Peer 1: 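Following this message is one structure expressed as structure tokens.
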Amino acid sequence: MIELFYDLVFTYMISQATSLIHHLHHGIILPISFLIFAVIVIVFINSWMFQSVFTNRYGSSSWADITFYFIDMMILLYMSNSFTNTRSKDLTTFFLAASLLSFTLFLQYLIVFFKSSNSNDKNIAKSFCSILIFRTLTLLVGGLFNTSLGRLVAFLGIIISWILPSFTGKYTNKHPIIFSHLLGYAIFLSNPYLFGIVSCSAVIGVFNPRMKVKLLYQN
């Protein structure tokens with residue numbers, strides 16, 4: 001249930017990011033505006049993928065998972081209002097918040113690493129911990145050092161951490177995700193209107209236990 005609200009926050013964030021390419025400069029959109037928009041959207045989508053894959057593979061609706069979800073939602077809401085223009089030097093707050101979000105994702109995989117007795121799960125958790133701590137540190141550099149070099153480090157960290165999960169197949173193939181579940185979330189995330197209808201249905205189901213609400217992506 002909590003995943004629905006988490007995904008709804010991401011939908012809101014992406015709608016906020018489009019404001020970066022809303023304003024024209026002499027009738028055109030500046031290339032730097034597209035670049036910053038792309039970087040922000042990549043951070044959002046990459047964070048969503050990390051969290052959704054984690055939930056798909058290890059989610060248990062425990063109090064720890066719910067607590068992390070609420071913390072992440074607060075960070076995401078803050079991030080969605082941390083960029084107001086298209087100047088790269090004004091992204092320091094966004095980088096710091098994104099670094100904190102990456103760190104919370106790192107902690108979730110770290111917990112799996114210490115709690116799991118399965119060697120495959122330990123290898124998966126170790127791989128993603130390495131990727132996420134790398135992204136955390138590079139984004140932290142971009143947030144703490146408001147220089148061209150600092151922003152370059154953050155940009156490179158974002159791109160590299162986007163690519164690195166594709167090299168974890170030898171571990172993740174031994175504990176595959178439920179693709180239909182992940183695809184259902186992706187479809188709803190890409191369609192805010194459909195997502196809103198499903199979210200409202202879920203809320204009705206919470207406050208009216210006698211009403212059975214069956215989500216489309218449930219197996």
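Here, residue 1 is the first one in the sequence, and each next residue gets the next number. All values below were derived from every heavy atom in this structure, side-chain atoms included, with hydrogens, water molecules and symmetry-related copies excluded. Worth saying up front: this structure is predicted, and the values here are computed from it rather than measured.
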Peer 1: Side chains of Thr92 and Phe145: does their closest heavy-atom pair fall under 4.5 Å?
Peer 2: no
Peer 1: Using every non-hydrogen atom in the two residues, find where Lys122 and Ser116 come nearest and quote the distance to one decimal.
Peer 2: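 Of all heavy-atom pairs spanning Lys122 and Ser116, the closest is CE-O, 3.0 Å.
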Peer 1: For Ile159 and Ile163, what are the C-alpha separation, side-chain angles and deciding distance, and is it a side-chain contact (heavy atoms from CB on, under 4.5 Å)?
Peer 2: CA-CA 7 Å; Ile159 299 301; Ile163 297 171; 4.1 Å; yes
Peer 1: Which heavy atom of Ala125 sits nearest to which heavy atom of Val112, and what is that distance?
Peer 2: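 Minimum heavy-atom separation between Ala125 and Val112: CB-CG1, 4.1 Å.
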Peer 1: Give, for atom CZ of Phe155 and atom CG of Leu139, the distance between the pair rounded to the nearest 0.5 Å.
Peer 2: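 Rounded to the nearest 0.5 Å, the CZ-CG separation comes to 10.0 Å.
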Peer 1: Quick one: does Leu100's side chain get under 4.5 Å of Leu96's, heavy atoms only?
Peer 2: no
Peer 1: How many angstroms lie between CZ in Phe50 and OG1 in Thr55, if you round to the nearest 0.5 Å?
Peer 2: 13.0 Å
Peer 1: Report yes or no: do Val53 and Leu105 belong to one cluster of Ile/Leu/Val/Met/Phe/Trp/Tyr joined by side chain heavy-atom distances under 4.5 Å?
Peer 2: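 As far as the 4.5 Å side-chain criterion goes, Leu105 and Val53 are connected within one cluster.
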Peer 1: Please report the interatomic distance CZ(Phe54) to CE(Met49), rounded to the nearest 0.5 Å.
Peer 2: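 One gets 15.0 Å once the value is rounded to the nearest 0.5 Å.
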Peer 1: Hydrophobic clusters here meaning ILVMFWY residues chained together by side-chain heavy-atom distances under 4.5 Å, can you tell me if Ile66 and Ile75 are in one?
Peer 2: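 Yes.
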Peer 1: For Ile133 versus Ser130, what's the shortest heavy-atom pair and its separation?
Peer 2: CG2-O, 3.3 Å
Peer 1: Which residues pass the side chain to side chain contact (heavy atoms under 4.5 Å, CB included) test with Asn123, sequence neighbours left out?
Peer 2: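 By the side chain to side chain contact (heavy atoms under 4.5 Å, CB included) rule, Asn123 matches Tyr171.
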Peer 1: Are Phe68 and Phe70 co-members of a hydrophobic cluster defined by side-chain heavy atoms under 4.5 Å apart?
Peer 2: yes
Peer 1: Picking from Ile40, Thr138, Val43, what satisfies side-chain contact (heavy atoms from CB on, under 4.5 Å) with Ile158?
Peer 2: Val43
Peer 1: Going by heavy atoms in the side chains, are Leu76 and Met79 under 4.5 Å from each other?
Peer 2: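 A side-chain contact under 4.5 Å exists here.
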Peer 1: Mind listing the closest non-hydrogen atom pair of Pro165 and Phe128 along with its distance?
Peer 2: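 Looks like CB-CE2, 4.2 Å.
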Peer 1: Centre of Phe113's six-membered ring, under 6.0 Å away, within 45 degrees of the axis: is that where NZ or CZ of Lys126 sits?
Peer 2: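 That pair does not qualify as a cation-pi contact.
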Peer 1: Report the C-alpha distance between Ile42 and Trp162 in whole Å, list the side-chain angles of each, state the deciding distance to 0.1 Å, and finish with yes or no for side-chain contact (heavy atoms from CB on, under 4.5 Å).
Peer 2: CA-CA 8 Å; Ile42 287 173; Trp162 175 276; 3.5 Å; yes
Peer 1: Determine, using the 4.5 Å side-chain heavy-atom cutoff (strictly less than), whether Phe44 and Tyr69 are members of one ILVMFWY cluster.
Peer 2: yes
Peer 1: Holding to side chain to side chain donor-acceptor pair (under 3.5 Å), I want the full list of residues that pass it with Asp121, two or more places apart in sequence or in another chain.
Peer 2: Tyr58, His175
Peer 1: Carefully, step by step, assess Tyr78 and Thr93 under the rule side chain to side chain donor-acceptor pair (under 3.5 Å).
Peer 2: CA-CA 9 Å; Tyr78 179 77; Thr93 304; 4.9 Å; no
Peer 1: Of the non-hydrogen atoms in Gly142 and Ala154, which two are nearest, and what is the gap between them?
Peer 2: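 So the minimum-distance heavy-atom pair works out to CA-CB, 3.8 Å.
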Peer 1: Asn46 and Ser161: which non-hydrogen atoms are nearest, and at how many Å?
Peer 2: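 Shortest heavy-atom contact: ND2-OG, 3.6 Å.
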Peer 1: May I ask you to decide if Asp72's main-chain N or O and Thr104's side chain share a donor-acceptor pair within less than 3.5 Å?
Peer 2: no
Peer 1: For Thr67, enumerate each residue passing the side chain to side chain contact (heavy atoms under 4.5 Å, CB included) test, keeping only those at least two apart in sequence or located in another chain.
Peer 2: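 Side chain to side chain contact (heavy atoms under 4.5 Å, CB included) list for Thr67, sorted by chain: Ile71.
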Peer 1: Look up atom OG in Ser52 and atom CD1 in Ile45, then write down how far apart they are to the nearest 0.5 Å.
Peer 2: 11.0 Å
Peer 1: Hydrophobic cluster membership, with links at side-chain heavy-atom distances under 4.5 Å among I/L/V/M/F/W/Y: are Tyr109 and Leu140 in one?
Peer 2: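 As far as the 4.5 Å side-chain criterion goes, Leu140 and Tyr109 are not connected within one cluster.
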Peer 1: Quick check for you: to the nearest 0.5 Å, what is the distance between Ile131 atom CD1 and Thr168 atom OG1?
Peer 2: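 One finds 6.0 Å between CD1 of Ile131 and OG1 of Thr168.
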Peer 1: Looking at CD1 of Ile111 and CZ of Phe106, how far apart are the two atoms once the value is rounded to the nearest 0.5 Å?
Peer 2: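 The CD1 atom of Ile111 sits 10.0 Å away from the CZ atom of Phe106.
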Peer 1: For a quick check under 3.5 Å, do Ser47 and Arg135 share a side-chain donor-acceptor pair by atom type?
Peer 2: yes
Peer 1: Any heavy-atom pair between the side chains of Leu137 and Val141 that's under 4.5 Å?
Peer 2: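 SC-SC contact between Val141 and Leu137 ruled out.
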Peer 1: For Ala98, does its backbone N or O pair with a side-chain atom of Ser102 as donor and acceptor, under 3.5 Å?
Peer 2: yes
